[in-house]
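Worksheet: one structure, shown below.
All of these numbers come straight from a predicted model, not from anything done at the bench. By convention in this document, chain letters (A, B, ...) are assigned in the order of the sequence lines, proteins followed by strands, and residues within each chain are numbered from 1.
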Protein chains: 2
Amino acid sequence: MAPQPTARDRLLDAAEDLAATQGVSAPVDAILQRARVSPATLYAHFGNKEGLITEALRRRLARWDTTWQECVDEAPSPEEKLLAVFTALGRHRHALTPSRWCVFLGVAAETPHPGPDLGDTLAADTRLLLDRLEDLAAPLVGAQQAPLLARRLVLIYTGVLGMILRGTDVDTATAEGRHLAGMTLHAVVGPAAPGATLRLMR
Amino acid sequence: MAPQPTARDRLLDAAEDLAATQGVSAPVDAILQRARVSPATLYAHFGNKEGLITEALRRRLARWDTTWQECVDEAPSPEEKLLAVFTALGRHRHALTPSRWCVFLGVAAETPHPGPDLGDTLAADTRLLLDRLEDLAAPLVGAQQAPLLARRLVLIYTGVLGMILRGTDVDTATAEGRHLAGMTLHAVVGPAAPGATLRLMR
DNA sequence: GTCTATACAAAGATAGAC
DNA sequence: GTCTATCTTTGTATAGAC
């Protein structure tokens, strides 16, 4: 165990924290100060600012991936596994520095012309959402309907993130998103009678 | 009719266009070039960059307000009036310079510490959405349920905007948002039998 | 009201020593 | 690998003339 993280790790931590709280337009100098590292060290490790941001986002995406998967694994039923993305959102935000809203969407919004590496990393976030939700949806609604449901759930999930940017309390937005997601799932499975249990396909 | 708009108007146009396409971090110089105006003129009229952006957003919000209201007025039924926000989104984007996603959310994302005037203008966008949707929802679901439904519709609408940032085609995202919104409305009104017509309250 | 010219500050990035 | 010191570019804003 190293009580003193390397300069590289301190840079990644600082870049992620600042991107989360201030946005990526936060000056390099602020990152350097927080990481207690000199400019030359940053450029030696990452080439330039975008390289550092990209690396920090890759690491954050991997952590989000893990957190989300854990929540899926813990969920008892297929339906709750599908809705676990909302549980994961809370846990993810609790574990890391709470961001102003979504760091990936935030960087996307602040970066009109991302380089290839950064662009790929941002796209990977959306890809992960669509792919995993489709996988989790398939047992519930069948492979045919799964992509459609996944797209709608990503829309709702993205709406939750947007509401946070609009100033809505995180828990409130998450609860409403989860509710909408549940409704959407039931609508795709087939209109159930009021109060009826979810009718699973197959 | 003035074929030559004033310098002030050219500045507002240029600021709005650039905020829509490049984000507000686009340098003042780019605005000046596009408006064919000198720096001094900008600062004489608006004090500083944020003042110009704020004024441009106020104007854009007023136009959005008008466009949306027109779509509401044209809609034949209470239900379609409620969903007219999605029609308005398309018409708004068609009329103005197509933005990368939502200009208001974009500015909010890029501006961690907005001044009071800019902050108020950004909040006014969310306020308008919540208030008008609540007004339109009341005849359908009653005054009691209207705020809840309005919040959910803003979430969905915001999700549509977020999907555009994620790279989804605007029309696709809008259609899915509208579908979700219709579903949500019916769910709040009360679970209807499959294929049943919307049961209105009162 | 608008322009030319310029001041002033901040930001990204590099050189060269240790 | 890391630091100190510095260079260059860019960006916001102002002074003073017309």
Side-chain angles (χ1 to χ4, degrees), chain A residues 2-57 59 106-107 109-119, chain B residues 2-57 59 106-107 109-119:
Chain A
Q4 193 74 314
T6 70
R8 183 189 159 90
D9 286 335
R10 291 204 306 278
L11 279 167
L12 289 171
D13 290 342
E16 185 179 349
D17 282 8
L18 277 168
T21 56
Q22 310 283 332
V24 278
S25 45
V28 169
D29 207 57
I31 301 175
L32 297 172
Q33 260 189 289
R34 176 174 295 217
R36 286 166 300 114
V37 157
S38 74
T41 305
L42 188 163
Y43 292 95
H45 278 286
F46 301 102
N48 57 28
K49 181 182 176 178
E50 187 165 322
L52 169 59
I53 298 290
T54 303
E55 215 50 56
L57 287 186
R59 198 184 59 166
V107 172
E110 288 186 82
T111 315
H113 305 298
D117 288 0
L118 179 55
Chain B
Q4 194 74 315
T6 70
R8 183 189 158 89
D9 285 336
R10 291 204 307 278
L11 279 167
L12 288 171
D13 290 342
E16 185 179 348
D17 282 8
L18 277 168
T21 55
Q22 311 284 333
V24 280
S25 46
V28 169
D29 207 58
I31 301 174
L32 297 172
Q33 260 189 290
R34 176 174 295 218
R36 287 165 300 113
V37 157
S38 73
T41 304
L42 188 162
Y43 292 95
H45 279 285
F46 301 102
N48 56 28
K49 182 182 177 179
E50 187 164 322
L52 169 59
I53 299 289
T54 302
E55 214 50 58
L57 288 186
R59 198 184 60 166
V107 172
E110 287 185 82
T111 315
H113 304 298
D117 288 359
L118 179 54

From CG of A/Leu11 over to P of D/dG1, roughly how many Å is that when rounded to an integer?
13 Å
Rounded to whole angstrom units, what separation is found between the CG atom of B/Leu32 and the C1' atom of C/dT2?
12 Å
Of all heavy-atom pairs between B/Ala56 and B/Leu12, which one has the smallest distance, and what is that distance?
N-CD2, 3.6 Å
Reading nucleotides 3-14 of chain C from 5' to 3' and marking B where a protein heavy atom lies under 4.0 Å of the base, S where only the sugar-phosphate is that close, and - otherwise, the string is BBB-----SSBB
Spacing of CG belonging to A/Leu42 relative to CZ belonging to A/Arg10, to within rounding of 0.5 Å
12.0 Å
Length of the line joining B/Leu42:CG and D/dT12:P, which is rounded to integer Å:
10 Å
What is the distance, to the nearest angstrom, from the CD atom on B/Gln22 to the C1' atom on D/dG11?
16 Å
For atom CZ of B/Phe46 and atom P of D/dT12, their distance in whole Å:
16 Å
According to side chain to side chain donor-acceptor pair (under 3.5 Å), does anything in residues 44-57 of chain A pair up with another residue at least two apart or in another chain? List the pairs.
A/Glu55-A/Arg58
Integer-rounded Å distance: D/dT14 C1' and B/His45 NE2
16 Å
Acceptor/donor pairs from residues 26-38 of chain A side chains to any protein atom, 3.5 angstrom cut, sequence neighbours excluded:
{"residue": "A/Arg34", "atom": "NH1", "partner": "A/Asp17", "partner atom": "OD2", "Å": "3.4"}
{"residue": "A/Ser38", "atom": "OG", "partner": "A/Thr41", "partner atom": "OG1", "Å": "3.2"}

Nearest 0.5 Å please: distance from the CD atom of B/Glu16 over to the OG1 atom of B/Thr21.
10.5 Å
State which residues pass salt bridge (charged side-chain N to carboxylate O under 4.0 Å, His left out) with A/Glu110; sequence neighbours excluded, sorted by chain then number.
none
